2 protein chains.
Amino acid sequence: MSQKRQLLIDTALELFYQQGINSIGINEVLKQSGVAKRTLYSHFDSKEALILAALEQRHQVFISWFSQQISQVSNANEMIEAVFDALASWFNGCAEPLGAFKGCFFINTSAEFSDQNSATFHFCQAHKQAIKTAINTQLPTINAELVDTLCLLKEGAIVSVQLLGNATYVIALSKRNAKAVMASLN
Amino acid sequence: MSQKRQLLIDTALELFYQQGINSIGINEVLKQSGVAKRTLYSHFDSKEALILAALEQRHQVFISWFSQQISQVSNANEMIEAVFDALASWFNGCAEPLGAFKGCFFINTSAEFSDQNSATFHFCQAHKQAIKTAINTQLPTINAELVDTLCLLKEGAIVSVQLLGNATYVIALSKRNAKAVMASLN
DNA sequence: AATAAGGTAGACAGACTTGTATACTTTTGT
DNA sequence: ACAAAAGTATACAAGTCTGTCTACCTTATT
C-alpha cells in the first residue's frame, strides 16, 4: 500500500465529508494533498474508485472507533449509555478519529448518490448493517427490539443534531427514550 | 403568478427530489418542462433561486399534507398513531401530494449543501422547526417530551427506511418506542 | 389594429469537470 | 551502480455546467 495512495484517500475523505462529494473536484483533492494527477490515476481508475476507497476508509475508522466505545458493555443498560455517550463525543467533535461532526458520511453520500443500484448506495447500506451487527455482537443475549431501537434513535439523533444542533439535549432525550423501551419490555 | 413559473417549480421539485439537486442541470428541467431557457431566467435570477422556490413549494405541500393527517388528533396516543400512520403512507408511496418516497427532501438537500450559512441550509432548518410547531399546536396540552420524541423518531424512521427499506417494521417499532416514552412519563 | 408582455428556439461565452498524454525527475531494490 | 517503479508538472481533449444573447413568435389588453 503506497503512501501517496493513503494520502489521497485521507485528503479525499476529509474534503468529501466536510463539503460533500459533488462539491469537491479531483483537482481540489490534488491541490490539498500535493499529489500529481498522474499519480492519482495510477492508483484509482476514476473518481468513483476514489470515492469508494474513501467510504471504505471511513467505514473502517468508524466501526473500529465505535466497537471500542462499546467494548466494555455487558448489559442492555450499559449499552444504551455507551452508544449515546459515544455519539455525544462525536457530535461535540471530541471523537478524535472521526473529525469535526458533519452528519453521517454514509447518509450524506446516499443523499448525493440516490440511485439505489449504485455501488456507493450499497456501501452505505452495508455500513448501517455493520453497526447493527457490532451492537448485537457485544450484547450477552439477543435483544432485537433494543438493537433496532438504538439504531433508529441513532439515525434520528445524527440527523437532528446535524440540522438543528442541540447535541446535549438530543442525546439525553435519546437515552430516556431507549430506557423507556427497555422498561416496556418487562 | 405565471403558469410557466409554476410548471418550472413543479418540474424542478420532482427532478431535484428524485435525483438530487446537483445531479439535475437547468437544461434537464427545461427539457422535461418544455419551457425555454429565456423564460426560466425571466422568472428566476439563478439556479439557486429555482432551488429555493422548489424548497418553498415542498415545504408548503408537506406541511399542508401533514397538518391534515394529524387534524383529527385530540390526545397524545392518537398523535402517535396519526404521525406514524402518515409516515407509513408516505414511505409506501400512498401519500399522493408527496410523490414516490426518496427520503426527506430537506435532509437530502442539507447533505448536498452542507454550508451552514447558505440560504438552502437555513430553509431546511426552518422546515423541521415548522413540523414541530404543527405537532405542538394540535396537541391539547403542552408535552415537549412527546413532541421532541416524535420528531427524533420521525427523522430516524425516514433515514432508516430510505437506506434499508422495511417501512412496515420501522413504523411499528417507532410506534412502540413512542408509546413506551408516554408510559414512562406517568 | 396596435402595443406591450411573455414566450420559443437555439447559439454561444466562460467557467467548470474528469481523465489522458507528454516529458522529465526522484526513489528504491538488487 | 543501475534499472525499474513511482512520482511531478502541466498541457489538453472532450465533456459538463450556468447564464446571456439574438431573433422571432404568440397572446392579451386597450
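Keep in mind that what you see is a predicted model, and the values were worked out from it rather than measured.
- Atom CG in A:Asn27 sits about 18 Å away from atom P in D:dT16, given to the nearest Å.
- Side-chain atoms of B:Ser33 come within 3.5 Å of backbone atoms of B:Leu30 as a donor-acceptor pair (strictly under, hydrogens ignored).
- Atom-to-atom, NZ of A:Lys31 to P of D:dT8 comes out at 17 Å; the value is rounded to the nearest Å.
- Within a heavy-atom distance below 4.0 Å of DNA chain C, the residues of residues 37-58 of chain B found are B:Arg38, B:Thr39, B:His43.
- When each of A:Lys132, A:His122, A:His59 is checked for a side-chain hydrogen bond (donor to acceptor under 3.5 Å, both in side chains) with A:His127, only A:His59 meets the rule.
- Distance CD (A:Gln3) to P (D:dT8): 11 Å, rounded to an integer number of Å.
- Here A:Lys179 pairs with A:Glu81 in a salt bridge; the nearest charged N to carboxylate O distance falls below 4.0 Å.
- For D:dG7, the OP1/OP2 oxygens have a side-chain nitrogen or oxygen of A:Ser2 closer than 4.0 Å.
- Counting to the nearest Å, the P atom of D:dC17 and the CZ atom of B:Phe16 are 12 Å from each other.
- Taking 4.5 Å as the limit, some side-chain heavy atom of B:Trp65 sits within range of a side-chain heavy atom of B:Trp90.
- A ring-centre distance under 6.0 Å is not found for B:Phe113 and B:Phe121.
- Within 6.0 Å of the CD atom in A:Gln68, the count of heavy atoms belonging to other residues, nucleotides or ligands does not exceed 12.
- As a whole-Å value, the separation of A:Ile26 CD1 from D:dG15 C1' is 15 Å.
- Within the 4.5 Å cutoff, the side chain of A:Gln69 has no heavy atoms near those of the A:Leu87 side chain.
- At a threshold of 4.5 Å between non-hydrogen side-chain atoms, the residues B:Glu145 and A:Leu173 count as touching.
- Nucleotides of DNA chain C that come within less than 4.0 Å of any heavy atom of chain B span, from the 5' end to the 3' end, C:dG7 to C:dA9.
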